[in-house]
Number of protein chains: 4
Amino acid sequence: MSPKIVNKAEKRREIGQRALACFAREGAVVTSMSQIARAVGVGKGTLYEYFRSKEELITYAMELYVEAIEEQVSRMLDGIADPKERLRFYAISVAEHIIDDPKTAGVMLAIFQLLISDQSNNQPAALKGMFRQARQTITSILREGAENNIFTEKAGREAETIAINCIAIVDGLWMHAMASGDIDLKHQINHYLDGLYRLIEAETV
Amino acid sequence: MSPKIVNKAEKRREIGQRALACFAREGAVVTSMSQIARAVGVGKGTLYEYFRSKEELITYAMELYVEAIEEQVSRMLDGIADPKERLRFYAISVAEHIIDDPKTAGVMLAIFQLLISDQSNNQPAALKGMFRQARQTITSILREGAENNIFTEKAGREAETIAINCIAIVDGLWMHAMASGDIDLKHQINHYLDGLYRLIEAETV
Amino acid sequence: MSPKIVNKAEKRREIGQRALACFAREGAVVTSMSQIARAVGVGKGTLYEYFRSKEELITYAMELYVEAIEEQVSRMLDGIADPKERLRFYAISVAEHIIDDPKTAGVMLAIFQLLISDQSNNQPAALKGMFRQARQTITSILREGAENNIFTEKAGREAETIAINCIAIVDGLWMHAMASGDIDLKHQINHYLDGLYRLIEAETV
Amino acid sequence: MSPKIVNKAEKRREIGQRALACFAREGAVVTSMSQIARAVGVGKGTLYEYFRSKEELITYAMELYVEAIEEQVSRMLDGIADPKERLRFYAISVAEHIIDDPKTAGVMLAIFQLLISDQSNNQPAALKGMFRQARQTITSILREGAENNIFTEKAGREAETIAINCIAIVDGLWMHAMASGDIDLKHQINHYLDGLYRLIEAETV
DNA sequence: AATGAATGAGTTTTCATTCAT
DNA sequence: TATGAATGAAAACTCATTCAT
């Protein structure tokens, strides 16, 4: 019956990916649907076959971006056992993922902008979830560390607070790194974590 | 010599201030020149007597914003002598200044976006300066603390690195606080600084 | 000979019917081919197998509509013998057919619009025929009435003129009734016909 | 203060007039704002300086049209004293006003369409008023005639009903005249009115 | 110097129509 | 024959900017 068999979900994803590239290059708001269509290599109208509106496309693209980071980082984390290493690796790889493709930073900022402005909206639930997810990952690392007597018991108790600070410093750092151009991201993160570890490392007798 | 010149600068400032209020309320991109003109109480054309373009007006308004924060914070800092107190106060007052008027966060994000995207541009020099300024303020506090034997000598040497992390965590925190809605900003900052102070406080015999 | 041909005409009719329902519900101009296709239960492309264009489909649907009214009314007329009753019934049932399903009025207006604007077009011949048909029906009623000495001889001679006025008043009335909302259609028609009958009724000795 | 003194109301009117011509030529729905702008001789954007939306422009143009008819007809009516003449003149001049500029009929139909579809809307109040106005004019003519013993007392009592029928037949007639092309408007109206007068004329002793 | 009327390029979105399957 | 994915022309509308006054 279907004359042309098209995997709609797949194409949707592809459009989202290409749109993401545009957003990263120029900013989501100022990227026009025409530009996206050209970038994807389809007609303007086709975009509306896959997304009800520009907003929906933006949100979807951001979700893709967030998924990608999460997946990549968590995959990399799998190979590391030591909680200290895990935490350090997590922080640095997130930061570098953003710095490596500097255009990506714009997407990250756009996500923040969306979450800050559209607090009533229901769509960006997936985006909000991303932060919760990240927070949880770090909290877990800290708690596990505490359980395994690598971090202090107190660190385990304060895991959530520490996790939030970790994430905040990482995000704050890449932002400033991108804005200023003279910040050594790795050095900053290591300095922070070295201090943190001195504070929360359990005394090994 | 001619009083006109003073007036021109003054009016420019006034327009910038009112525009800033609009930007905070609605976001710089979606605020139209008509809206600004109405808010300022002048004709649309008049805006172009004082600014070559909307972009110039936006940038100028952001500079005003940044100046205002800097000034306010530095004025408040004057009354505080203890470096530890000074640092804590600095961090918390910056964060709360943004959180108190949540719309302001949008301006802050816009500034970052501007700095990240327009790295070639020469206009946002003043904005870039802001971060340097802030960094310097904190660096100074730390160095002074080290000189007065309140912080370790090492803290004095690493003052710049610590300052960057301080700023980064503050900016990261208000962003996440605004985006997530369930973060106790003060608690997070205090937790970070308490840890920091344990690390850099000089042993008082 | 081939059964396909029968099917084709039948399906064409079915599509027209369903399209008509859409037009009545929403207006022909704003009803999209997609909507029609969905309502009919076929693919968008299929519509173009049966109609060269949307316009052709619209015209055809209107023809169906007109046929339906004609058929319904004439079927009902069959049971009535008295010319006065026939005329009254005709007028009222046409008017009420339109008022009962108010959306239908839009179709009627669209038909007028089509006829008024597209005077060059050859397609709406069937539509034009409808009015001629109606005129003839009423003319016949009047002439028969005159022959049977129920209406005056003069009425028989002026039958065409009277018929046109009859139709005009009926169409004018439902239009104003729909537009104004405070017109008692039946009362108006009866008032008109009562007057008419006083004028054209043959004196029964 | 005003750099360019423009009578906004006047220009609004002028735009409305030219738009009306477009609507008459092509139909309000299918006339694009670009076409109107070109016809008026201004830029697209200028239209939106005077009308918030296309809908507002359409409604306004129709109001102009209605006003024009009303004014013209009532001005002509002034010179006529005899109620019978007045009524006849009213009916014929309205009908001919529409027939004379056949394009105008499209506007009339569009007004009906608007009133029939948009019964919730508040804008076309002025349009609705037009029909009430016309009804009242005719009702008054009939009542005055009855008072002056030209029409029967009964005609005075039924004035409203008769007025509605009068208007309906006139509107129905020009519609059918335009649609069919073979109707003698004047003859039809005269035939109707001659009949009516026979019915409602007071017996002069 | 100040103004606001005028503008048109550019935006998002719709939809009749085509055509490969 | 039937389909629906793809399309691009066209629509309504916005707004930064210009310029005559």
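Order of the sequence lines fixes the chain letters, A, B, ..., with proteins taken first and strands second; residue numbering starts at 1 for each chain.
For the pair B:Q35 CD and E:dG4 P, the computed distance is 17 Å after rounding to whole Å. If you measure from atom CD of B:E56 to atom C1' of F:dT17, you get 14 Å, rounded to the nearest angstrom. The separation between A:L47 atom CG and F:dG8 atom P is 12 Å, rounded to whole Å. Rounded to whole Å, atom P of F:dA6 lies 14 Å from atom CZ of A:R12. Atom CZ in A:R38 sits roughly 13 Å away from atom C1' in E:dT11 (whole-Å rounding).
Look at A:K8 and you'll find a side-chain N or O under 4.0 angstrom from OP1 or OP2 of F:dA5. A close approach under 4.0 Å does not occur between any side-chain nitrogen or oxygen of B:S32 and OP1 or OP2 of F:dC15. Dashed line: the shortest gap from a side-chain N or O of D:Y48 to OP1 or OP2 of F:dC13 is under 4.0 Å. Regarding contacts with the backbone of E:dT7, a side-chain N or O of D:T46 is found under 4.0 angstrom from either OP1 or OP2.
In this structure, of E:dT13, F:dA16, F:dA6, it is F:dA6 that holds the atom nearest to the side chain of A:E49. Closest to the A:K11 side chain, of the nucleotides E:dA2, F:dA16, F:dA6, is F:dA6. Considering only the side chain of A:Y50, F:dA6 comes nearest among E:dT13, E:dA2, F:dA6. Of the candidates E:dT12, E:dT17, F:dC13, the closest approach to any side-chain atom of D:K54 belongs to F:dC13.
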Run the numbers on B:Y48 and B:M33 for side chain to side chain contact (heavy atoms under 4.5 Å, CB included), then give the verdict.
CA-CA 10 Å; B:Y48 287 85; B:M33 291 299 265; 3.7 Å; yes
CA sep, side-chain torsions, deciding dist, call: C:Y50, C:L57, side chain to side chain contact (heavy atoms under 4.5 Å, CB included)
CA-CA 8 Å; C:Y50 293 89; C:L57 172 50; over 6 Å; no
Side chain to side chain contact (heavy atoms under 4.5 Å, CB included) between D:Y65 and D:M108: does it pass, once the steps are laid out?
CA-CA 9 Å; D:Y65 172 74; D:M108 243 355 247; 3.5 Å; yes
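For E:dG10, the base has a donor-acceptor partner in the side chain of D:K44 [N/O atoms by modelled type, under 3.5 angstrom].
The strand DNA chain E forms stems, runs of 3 or more Watson-Crick or G-U wobble pairs with distances below 3.5 Å, at E:2-21 with F:2-21.
Residue contacts shown for B:F51 are absent, as no nucleic acid heavy atom lies under 4.0 Å away.
The salt bridge (charged side-chain N to carboxylate O under 4.0 Å, His left out) with D:R12 is formed by just one residue from the set D:E49, D:E56, D:E63; it is D:E56.
DNA chain F is contacted by both B:T31 and A:G41; A:G41 maps to the nucleotide lying nearer its 5′ end (nearest heavy atom per residue). Nearest-nucleotide positions on DNA chain F place C:G43 closer to the 5' end than the other of C:G43 and A:G43.
Without hydrogens or angle criteria, B:K54 side chain to B:V29 main chain gives a donor-acceptor distance under 3.5 Å.
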